[in-house]
Enquirer: 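Got a structure for you, questions after.
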There are 2 protein chains.
Amino acid sequence: MTDLDSPQHNHLLNALPDAEYQRLLPHLERVEMPLGEVIYESGGELRYVYFPTTCIVSLLYVMENGASAEIAVVGNDGIIGVALFMGGGGMPNRAVVQSAGHAYRLRGQLLMQEFNRYEGMLHLLLRYTQALITQMAQTAVCNRHHSVDQQLCRWLLISLDRLPSNELTMTQELIANMLGVRREGVTEAAGKLQHAGLIHYSRGRITVLDRPGLEARVCECYRVVRAESDRLLPPPPTLT
Amino acid sequence: MTDLDSPQHNHLLNALPDAEYQRLLPHLERVEMPLGEVIYESGGELRYVYFPTTCIVSLLYVMENGASAEIAVVGNDGIIGVALFMGGGGMPNRAVVQSAGHAYRLRGQLLMQEFNRYEGMLHLLLRYTQALITQMAQTAVCNRHHSVDQQLCRWLLISLDRLPSNELTMTQELIANMLGVRREGVTEAAGKLQHAGLIHYSRGRITVLDRPGLEARVCECYRVVRAESDRLLPPPPTLT
DNA sequence: CCTGGTCTGTACGTTACCGCACACAAGCCT
DNA sequence: AGGCTTGTGTGCGGTAACGTACAGACCAGG
C-alpha cells in the first residue's frame with residue numbers, strides 16, 4: 001500500500017498542478033507520526049508544516065487546570081500549521097497525533113516561498129483554512145447543544161473519514177480527552193452504540209460495523225462540516 | 001464624536017498605510033447597522049465586506065431546530081466577510097447586528113483587488129482571520145468547560161472591548177440566544193453579577209460598574225483571545 | 001389612568017453530566 | 001501459572017442547566 005503513503009495521498013498536495021508538485025517534492029520529508037506525539041505546542045514556533053497521509057492529528061486546547069478540548073481534526077485532507085501562512089507563527093493550542101501514521105513535512109520557509117510566489121498555493125491553503133474554520137465553529141456549536149452520544153458519533157465519523165480502514169486504535173480515555181468529557185461518559189455512549197450493533201469495541205480497538213447507522217444518529221454538525229469541506233476543497237485523489 | 005465614526009476607528013482600516021487607505025477611502029460607504037439586521041446569511045453570497053466602527057456584529061450558527069449559538073464577535077477590531085478573501089464566498093452561519101451603530105462597507109470585488117495587489121492588505125487580513133480563529137476555538141472550549149456565569153462575564157467583556165462606553169443595550173433574551181442558553185440562565189447569572197455590584201441591569205440596558213471585578217471572574221478563555229488579538233493585530237488607533 | 005406588551009425574577013421537577021469508587025476483564029511479564 | 005498494568009463497565013450522590021410555568025416590574029399608548 002505505498003499508494004496510501006505517497007505525498008499525493010494528502011488531498012492538498014494532490015490538488016497542486018504537476019509542475020508545482022514537482023517543485024515541492026524534493027523538499028517533502030516523510031516522517032513517522034507516533035501516537036501521542038506533540039507536533040506543536042501552544043506558544044511554540046512553527047518550523048515545519050505537516051501534510052498527513054495516514055495519520056490523524058488533533059488540535060486541542062489544554063486548559064490551565066489540565067482539562068482539554070478538541071478544536072479540530074486534521075488528516076490527509078489538510079495541513080498542520082496554518083498559523084504559519086496566516087502570519088501568526090503559532091497558535092494558543094496543541095497539535096497531537098491522535099492516530100499513528102505518516103506525514104510529509106516541509107520547512108516553513110519553503111512553504112512561504114511557494115505561498116508568496118504561486119497564487120494557486122495561496123488560494124488552496126486559504127480555502128482549506130476556511131474549511132478548518134467551519135470545523136471549529138461547528139465544534140463550538142456541538143459542544144453547546146449536543147449530547148455526548150451525538151458527539152461521539154460525530155467524532156467517530158470525522159476520524160473514519162480520514163482513515164483507510166473501518167478500524168481505529170483509540171482508548172475511551174483518549175476519546176474522552178478529545179471530547180472534553182469524562183471517560184465514563186464515553187464508556188456509556190460507546191456501550192449504546194455497541195449494543196445497537198454499530199460498532200465493536202475492545203480494549204482500544206474500535207471497529208465500525210455500520211457506518212450508515214452512525215450517520216443516522218449523528219447531529220447536523222457533522223454534515224455541515226462535511227458539506228463545507230466538499231464544497232471548498234478539491235475531490236480526494238482518485239486512488240482505487 | 002465624529003472621531004468614533006470615521007473609518008479609522010476601525011482598527012484594520014487604521015492599520016493601512018496612508019496611500020493604501022486613501023485609495024480605499026472613496027469606495028468606503030458608511031452604512032447604518034440597526035439592531036437585529038442580518039448582514040449575511042448561511043449559504044448566501046457576499047457582495048460586500050463590512051468594517052464596523054461603532055456597531056458589534058455576532059457570527060452565529062442557527063440550528064435546524066432554531067436554537068442558536070454564537071461563534072464569534074466582530075466589532076471595530078475587525079471585518080465581516082472573511083469568507084470572501086478566504087475563497088469560499090460564504091459561510092454556513094449568520095452575521096447579525098448585536099449592537100446598533102455604523103460600519104463602512106466595501107464592494108467585495110474592490111477588496112479582492114487590493115487583496116491581490118497589495119501584500120500588506122493580504123497579511124493584515126490574514127492575521128485578523130487568525131485572531132478570529134482563536135476566538136472561535138476558545139468559544140468551543142468555553143462552551144465545553146465553563147459555567148454560564150463565566151460565559152456571561154466573557155461575553156460582557158468581549159462586547160465592552162468593542163464599545164466606546166460602559167453601557168450596552170441588550171436584553172437577557174438576546175444574550176441567551178448568543179450564548180445558546182436559556183433566558184432564565186442569563187437572568188440568574190446576571191443577578192449574581194448585579195448583586196455583587198459589578199453591573200447594573202435594567203430592561204435591556206446593562207451598565208458595567210466594575211470592569212476589574214468582571215475580569216476577576218472571567219475564565220481564561222477571555223484572556224487567551226485578548227492576548228492573541230493583541231499579539232496579532234496592530235494597536236488600536238490612538239484616539240483620545 | 002388603566003391596559004397591554006415587554007422584560008425580568010422566581011420556583012419546581014427533570015435530565016445530563018460530573019466526580020468518585022470500585023469491580024471486572026484482558027493482555028503482558030516473569 | 002500468578003501477578004501487574006491497562007482498559008472497560010457500573011453504581012451512586014451531587015450539581016448545573018433545562019423546560020415549563022407564572023408572578024412582578026417597567027414602559028408606552030389609548
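Labels below follow one simple rule: chain letters A, B, ... track the order of the sequence lines, proteins then strands, and each chain is numbered from 1. Since this is a predicted model, take the numbers as computed values, not measurements. Values below: all heavy atoms of this structure, side chains included; hydrogens, waters and symmetry mates excluded.
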Enquirer: Using whole Å, report how far CD of A:Q172 lies from P of D:dT8.
Expert: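 It is 4 Å, rounded to the nearest whole Å.
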
Enquirer: So, B:E220 side chain and A:M63 main chain: donor-acceptor pair closer than 3.5 Å or not?
Expert: no

Enquirer: Taking N and O atoms by type only, does the side chain of A:R203 place a donor or acceptor under 3.5 Å from a partner on the base of C:dG27?
Expert: no

Enquirer: Reckon B:G204 touches a base, only the sugar-phosphate, or nothing at all at heavy-atom distances under 4.0 Å?
Expert: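 The answer is sugar-phosphate, as B:G204 gets under 4.0 Å only of primed atoms, P, OP1 or OP2.
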
Enquirer: Rounded to the Å, how far apart are B:K192 NZ and D:dA16 C1'?
Expert: 9 Å

Enquirer: When the distance from CD1 of A:I175 to P of D:dT8 is rounded to whole Å, what number comes out?
Expert: 8 Å

Enquirer: Answer yes or no: is there an ion pair linking B:D161 with B:R211, defined by an N-O contact shorter than 4.0 Å?
Expert: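 Between B:R211 and B:D161 there is a salt bridge, with a charged N closer than 4.0 Å to a carboxylate O.
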
Enquirer: Quick check: on DNA chain C, is the nucleotide nearest A:E184 upstream (toward 5') of the one nearest A:Q151, or the reverse? Name the residue that is more 5'.
Expert: A:Q151

Enquirer: D:dC26, D:dT10, C:dC17: which one has an atom nearest the side-chain heavy atoms of A:T187?
Expert: D:dT10

Enquirer: D:dT6 C1' sits how many Å from A:R205 CZ, rounded?
Expert: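 It is 15 Å, rounded to the nearest whole Å.
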
Enquirer: Want to settle it: does A:A190 or A:R144 sit nearer the 5' end of DNA chain D, counting the closest nucleotide to each?
Expert: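 The residue whose closest nucleotide sits nearer the 5' end is A:A190.
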
Enquirer: Check A:N76, A:L13, A:N14 against A:Q8 for a side chain to side chain contact (heavy atoms under 4.5 Å, CB included) and give me the one that passes.
Expert: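 Answer after filtering A:N76, A:L13, A:N14: A:N14.
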
Enquirer: Measure the distance from CG on B:L193 to C1' on C:dT8 and round it to the nearest whole Å.
Expert: 15 Å

Enquirer: Quickly work out the B:R183 CZ to D:dT20 P distance and round it to whole Å.
Expert: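 The answer, rounded to whole Å, is 14 Å.
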
Enquirer: Looking at every heavy atom in both A:V74 and A:P52, which two are closest together, and how far apart are they?
Expert: CG1-CG, 4.3 Å

Enquirer: How long is the line joining CD of A:E173 and C1' of D:dG9, in whole Å?
Expert: 14 Å

Enquirer: Output the single nucleotide from D:dA17, C:dC7, D:dT8 whose closest atom is nearest the side chain of B:T171.
Expert: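 It is C:dC7.
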
Enquirer: What is the distance, to the nearest angstrom, from the CG atom on B:N177 to the P atom on D:dC18?
Expert: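 Rounded to the whole Å, the gap is 12 Å.
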
Enquirer: Are the charged groups of A:R231 and A:E228 less than 4.0 angstrom apart, N to O?
Expert: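 Looking at A:E228 together with A:R231, the answer is yes, because their closest N to O distance falls below 4.0 Å.
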
